[in-house]
Amino acid sequence: MELKALLKSENRLKKNKEFKITYKKGNSFANRDFVVYYKKNSLGFSRIGFSVSKKVGKAWKRNEIKRRLRETLRKNNSLLSKSCDIIIIVRQTIKDTDYFSMEKSLNHALKGSELID
RNA sequence: UAAGUAAGUCAGAUGAUCGCUGAAGUAAUUCAGAGGAAAGUCCGGACACCAUAGGGCAGGGUGCUGGCUAACGGCCAGUGAAGGUGACUUUAAGGAUAGUGCCACAGAAAAUAUACCGCCGGUUUUUCCGGUAAGGGUGCAACGGUGCGGUAAGAGCGCACCAGUGCUUAGGCGACUAAGCUGCUAGGUAAACCCCACUUGGUGCAAGACCUGAUAGAGAGGCGUAUGGGGCUGCCCGUCCCGCUUCCGGGUAGGUCGCUAGAGGUAGAAGGUAACUUUUAUCCCAGAUAGAUGAUCGUCUGAAACAGAAUCCGGCUUAUAGACUUAGUUAAUUU
RNA sequence: GGAGCUGUAGUGUAGCGGUUAUCACGUCGGCCUGUCACGCCGAAGAUCGCGGGUUCGAUUCCCGUCAGCUCCG
């Protein structure tokens, strides 16, 4: 699958139901900045959802975080072949970190959940 | 030069690589892509549905004058009051003689009554009676203020000036201002109830319309309309529904539309002190749906603030780095 | 996106415009007890979320603002 397709609509978690199922039946891993829920699916590709609480910041701040997360995942396309539903929850500590340390932290979180090598 | 006042503008730019959303195109590709506040949701509209969008009362809102506007609690121009040396700023600013309430403590007395210390007269010299409200004292506030006359002592009792109120004249569309005159003195509070004038139906794009369409009833016609219940903001009137029967077909979830050409932008002309209006030319300028603008590198000038459209407009309020423009004011120095 | 509610000692709450403000739990000190608890007595602890305005005087009335919470798919 092509790299740019990662963020097409079929690769995103959308429905509230899907989120709830992943929360209930999936496994989780957490570090200082992120919580990752993941669960195998039968689609042959992965779907990813983001969850950024209002406690993190105002609207423009949350948008910025989501943009940067998408950029990080775009560079790192190995997630797609896993066929998983993934939810990435952002914690409050992310507020003051810059792009590079965020990327590092996210990779650590994904390694911990054995989604990437 | 310093301090301060008012009005207004911009809101990083540019190049490269990799990406996101929409439109056009068979395709390569091309074009467009967050704000001055997009925010708060404090007002006003458009639009949609609710019942025909109704009547009365209650309730809500606004409150100096004139104008502007689709409308407004907004804006513009003025009036009064308050503040500032000044440029200028602020202003919920109708009515207290329609009525009701309240004015703690203190004080004689807090609104139609009264006299604590006093002053004066008479009698008596402990006091009592009468007159008085000038002085003291209380308080945010004491039935006008200052001065002179007057008096037993006093008092708008009389006079002059001032404050208020009423009337007349002049100016102004008007709020009001100026001058003159007569009578005389009226406590404050309406962001207390209230009165007066104007105004106000409710719900909100999660409005609503259509497509597909499990289970079972949204709709239409007829009959009945006694009681009771429910809906239409609260109550009353009025009105619709709930009952029975016949016909007909269609909740939630999903998708499409609503969804962006508009009280639109830019430039000019005319009218107006201005807000704004009229008109000519020209432009098309986000439309997502878990929700699109990012990352890296280079240069300028320094990894600049507040901060992200969600139906759309007009305002208000709040947040905001840095830079700039224009017009007044005050003070100091020099010529 | 839209609609609403609440802010008062550490916590949960009362409060007619008129004393820098009530009660309970908690805290601190004392009494009681061999000791602790219970009980009794006393004390401290509040910029009434913040900023303006009305008023002689605001926790209370009005305006703005901030924070928290609830409801509507």
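Chain identifiers are assigned alphabetically (A, B, ...) following the order of the sequence lines, protein sequences preceding nucleic acid strands; residue numbering begins at 1 within each chain.
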(request) Starting at the 5' end of RNA chain C, write a dot or bracket for each base, bracketing those in Watson-Crick or G-U wobble pairs whose two distances are under 3.5 Å and using | for partners on another strand. (result) (((((((..(((.....[....))).(((((.......))))).....(((((..]....)))))))))))).
(message) How close do S105(A) and N31(A) get, counting heavy atoms only, and between which atoms?
(response) O-ND2, 3.0 Å
(request) Write down the partner of A307(B) under the Watson-Crick or G-U wobble criteria, each distance required to be under 3.5 Å. (result) none
(message) Does U19(C) count as syn, meaning its glycosidic angle lies within 90° of 0, or as anti?
(response) syn
(request) Could I get the full list of ring pair (Phe, Tyr, Trp, His ring centres under 6.0 Å) partners for Y38(A), not counting sequence neighbours? (result) none
(request) Specify the glycosidic conformation (syn or anti) of A34(B), with syn defined as within 90° of 0. (result) syn
(request) If the glycosidic angle is within 90 degrees of 0 it's syn, otherwise anti, so just tell me which one C16(C) is. (result) syn
(request) Provide the Watson-Crick or G-U wobble partner of G22(B), both distances under 3.5 Å; none if there is no partner. (result) C31(B)
(request) Would you mind classifying the nucleic acid contact of R62(A) as base, sugar-phosphate or nothing, using non-hydrogen atoms under 4.0 angstrom? (result) nothing
(request) Check salt bridge (charged side-chain N to carboxylate O under 4.0 Å, His left out) between R68(A) and all other residues, then give those that pass, not counting sequence neighbours. (result) E64(A)
(message) Expressed as a whole number of angstroms, how long is the span from K66(A):NZ to G291(B):C1'?
(response) 7 Å
(request) Can you see which heavy atom on F34(A) is nearest to which on A109(A), and at what distance? (result) CB-CB, 4.3 Å
Listed pairs, N/O of protein and of nucleotides 308-310 of chain B, under 3.5 Å:
| unit_1 | atom_1 | unit_2 | atom_2 | d |
| --- | --- | --- | --- | --- |
| G308(B) | OP2 | A59(A) | N | 3.4 |
| G308(B) | OP2 | W60(A) | N | 3.1 |
| G308(B) | N7 | R67(A) | NH2 | 2.8 |
| G308(B) | O6 | R67(A) | NH1 | 3.0 |
| G308(B) | O6 | R67(A) | NH2 | 2.6 |

(request) Please determine if a side-chain N or O atom of R68(A) lies less than 4.0 Å away from the OP1 or OP2 oxygen of U293(B). (result) no
(request) Specify the separation, in whole Å, of atom CZ of F50(A) and atom P of U289(B). (result) 16 Å
(message) What is the separation between atom CG on L69(A) and atom P on A295(B), rounded to the nearest whole Å?
(response) 12 Å
(message) Measure CD/E71(A) against P/U17(B) and give the value in whole Å, please.
(response) 16 Å
(message) The criterion is side-chain hydrogen bond (donor to acceptor under 3.5 Å, both in side chains); which residues satisfy it with S51(A), sequence neighbours excluded?
(response) none
(message) Suppose we screen for side-chain contact (heavy atoms from CB on, under 4.5 Å). Which residues come up paired with S28(A), at least two apart in sequence or across chains?
(response) Y37(A)
